[in-house]
**Q** 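This is the structure I have questions about; it appears just below.
Residues: numbered from 1 along the sequence shown.
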Amino acid sequence: MEDQDAERARTELGDTDAPAEDEVTEAFDKIVSEGAQRLHRSWPQVLATGLAGGFEVATGLIALLAVYAAMGSHLLAGLAFSIGFIALVLGRSELFTEGFLVPVTAVAAGRSSVRQLGKLWGGTLVANLVGGWLVTWLVVRALPELRSTATEQAVHFVDSPLNLQSISLAVLAGMVMTLMTRMQHGTTSDVAKVVAAVVGGFLIGGLQLFHSIVESLLAFAALHAGAPFGYLDWLAWFWYTALFNLIGGLAVVTLTRLVRSKELIERERAAARREE
């Protein structure tokens, strides 16, 4: 009888003494642990992981261009683009817009510093762009039949004015990426992680959301192919897109997760202070 009462209590109260549901606690601990590891990488590790991320997302871009050139459907092209996000998940590389949840949570929990976060964001961003620039150069040389498609698609983004629609598309892209990251860290199943990657790729590629890295690679492919715009035109689009990706990821998704985990963050910060 006592064993049954104990089992019932565990079912009602959970297995941990943390001030949140067991699933939330486990996910929080996993995010903080991974975030701290990522933020303590050396510069060579940050750059190498970011380069790999640029390479892998570019593979998704190849699929997007090939499918759109053959089918003329943004939705099908977006589905094909998810190959790039699947490669990111399985290859464990780094994309700038993936860093709006896990590393930020580690900083909030007192396990890393804002300076380390800046290093991760800055190094990953630059490495993503360099890696993507290199691969798109190869794509244009290897597959010249995709040049006109790349230019057509890139002009749509680079020529977009800075208005409420553009801002909204960039905010949505940041939300989708951060939500995709949250879903992947809420499961240990590789199949479920791949499903989340497909969802993210479909929404960003299929709906032509303004993603600072993905569309920059598209612009690079067009520039390699002789686009009717220059690098300054790309940069004029890139700065506000990256900014509102950041706002969408942090303000809409990450902030709500941090509020839900407020007690856990306070507990983790206290533990970090005791260990110093």
Side-chain angles (χ1 to χ4, degrees), residues 23 27 30-31 34 38 49-103 124 128 131-132 135-136 139 143 146 149-150 153-154 156-157 168-218 221 241-242 244-246 248-249 252-254 256-257:
E23 292 83 357
K30 179 181 176 182
I31 286 173
E34 180 182 327
R38 288 163 63 179
T49 309
L51 275 173
F55 295 157
E56 289 162 4
V57 168
T59 64
L61 185 65
I62 297 171
L64 182 149
L65 292 174
V67 170
Y68 186 78
M71 309 295 293
S73 169
H74 289 298
L75 295 179
L76 290 177
L79 194 60
F81 170 72
S82 63
I83 291 171
F85 285 171
I86 292 171
L88 280 174
V89 173
L90 300 183
R92 300 186 181 281
S93 53
E94 189 91 37
L95 194 65
F96 166 66
T97 48
E98 287 185 300
F100 300 158
L101 174 65
V102 177
T124 301
N128 285 166
V135 175
T136 53
V139 171
L143 302 167
L146 297 181
T149 303
Q153 295 298 301
H156 167 77
F157 294 98
S168 300
L169 288 167
V171 169
L172 284 173
M175 290 172 55
V176 168
M177 282 300 302
T178 308
L179 180 59
M180 183 183 81
T181 302
R182 178 65 190 91
M183 289 191 292
Q184 289 169 342
H185 283 81
T187 180
T188 58
S189 167
D190 284 340
V191 173
K193 291 178 181 180
V194 167
V195 170
V198 171
V199 171
F202 174 75
L203 291 175
I204 288 175
L207 300 181
Q208 295 188 289
L209 301 183
F210 280 25
H211 188 285
S212 53
I213 302 300
V214 174
E215 270 62 64
S216 288
L217 270 55
L218 188 60
T241 302
F244 287 106
N245 284 171
L246 181 67
V252 180
V253 180
T254 300
T256 58
R257 300 304 304 179

**Q** State the CG-CZ distance between L209 and F157, to the nearest 0.5 angstrom.
**A** 8.0 Å

**Q** Identify the two heavy atoms, one from A242 and one from F96, that lie closest to each other, and give their separation to 0.1 Å.
**A** CB-CE2, 4.5 Å

**Q** Determine the minimum heavy-atom distance between L169 and Q208, stating which atoms define it.
**A** CD2-O, 4.3 Å

**Q** State, to 0.1 Å, how close L179 and V253 come at their nearest heavy-atom pair, and which atoms those are.
**A** N-CG1, 4.2 Å

**Q** Less than 4.5 Å apart, any side-chain heavy atom of V67 and any of M71?
**A** yes

**Q** Looking at side-chain heavy atoms only, is the closest gap between V57 and N128 below 4.5 Å?
**A** no

**Q** Can you tell me how far OH of Y68 sits from CG of L76, rounded to the nearest 0.5 angstrom?
**A** 11.5 Å

**Q** Using a 4.5 Å cut-off on heavy atoms from C-beta on, say whether the side chain of Q153 contacts that of E215.
**A** no

**Q** Looking only at heavy atoms, which two atoms of I83 and T59 are closest? And how far apart?
**A** CG2-OG1, 4.4 Å

**Q** Working to the nearest 0.5 Å, report the span between OG1 of T241 and CZ of F210.
**A** 6.0 Å

**Q** About how many Å separate CZ of F244 and CG of L172, when rounded to the nearest 0.5 Å?
**A** 12.5 Å

**Q** Nearest heavy-atom pair of G206 and L75: which atoms, and what distance?
**A** O-CD2, 3.8 Å

**Q** State the CG-CG distance between L64 and L79, to the nearest 0.5 angstrom.
**A** 10.5 Å

**Q** Got a list of side-chain donor-acceptor pairs under 3.5 Å for residues 187-196, not counting sequence neighbours?
**A**
| unit_1 | atom_1 | unit_2 | atom_2 | d |
| --- | --- | --- | --- | --- |
| T187 | OG1 | S189 | N | 3.0 |
| S189 | OG | V191 | N | 3.3 |
| S189 | OG | A192 | N | 3.2 |

**Q** Kindly determine whether N245 and S212 satisfy side-chain hydrogen bond (donor to acceptor under 3.5 Å, both in side chains), including the steps that lead there.
**A** CA-CA 7 Å; N245 284 171; S212 53; 3.0 Å; yes

**Q** For residues 81-95, pull every pair meeting side chain to side chain donor-acceptor pair (under 3.5 Å), keeping only residues two or more places apart or in separate chains.
**A** R38-E94, R41-E94, E56-S93

**Q** According to the salt bridge (charged side-chain N to carboxylate O under 4.0 Å, His left out) rule, which pairs have a member within residues 66-88, sequence neighbours left out?
**A** none

**Q** Taking the side chain as C-beta and beyond, is there a heavy-atom pair between T97 and L246 under 4.5 Å?
**A** no

**Q** Any idea which heavy atoms bring L217 and T136 closest together, and the distance?
**A** O-CG2, 3.3 Å

**Q** If you define the side chain from C-beta out and look only at heavy atoms, does anything of V214 sit under 4.5 Å from M177?
**A** no

**Q** Using 0.5 Å steps for rounding, measure from the OG1 atom of T181 to the CG atom of L88.
**A** 9.5 Å

**Q** Run through T254, T256, L101 and flag the one making a side chain to side chain contact (heavy atoms under 4.5 Å, CB included) with R182.
**A** L101

**Q** Decide yes or no for F85 and V198: does some side-chain heavy atom of the first lie under 4.5 Å from some side-chain heavy atom of the second?
**A** no

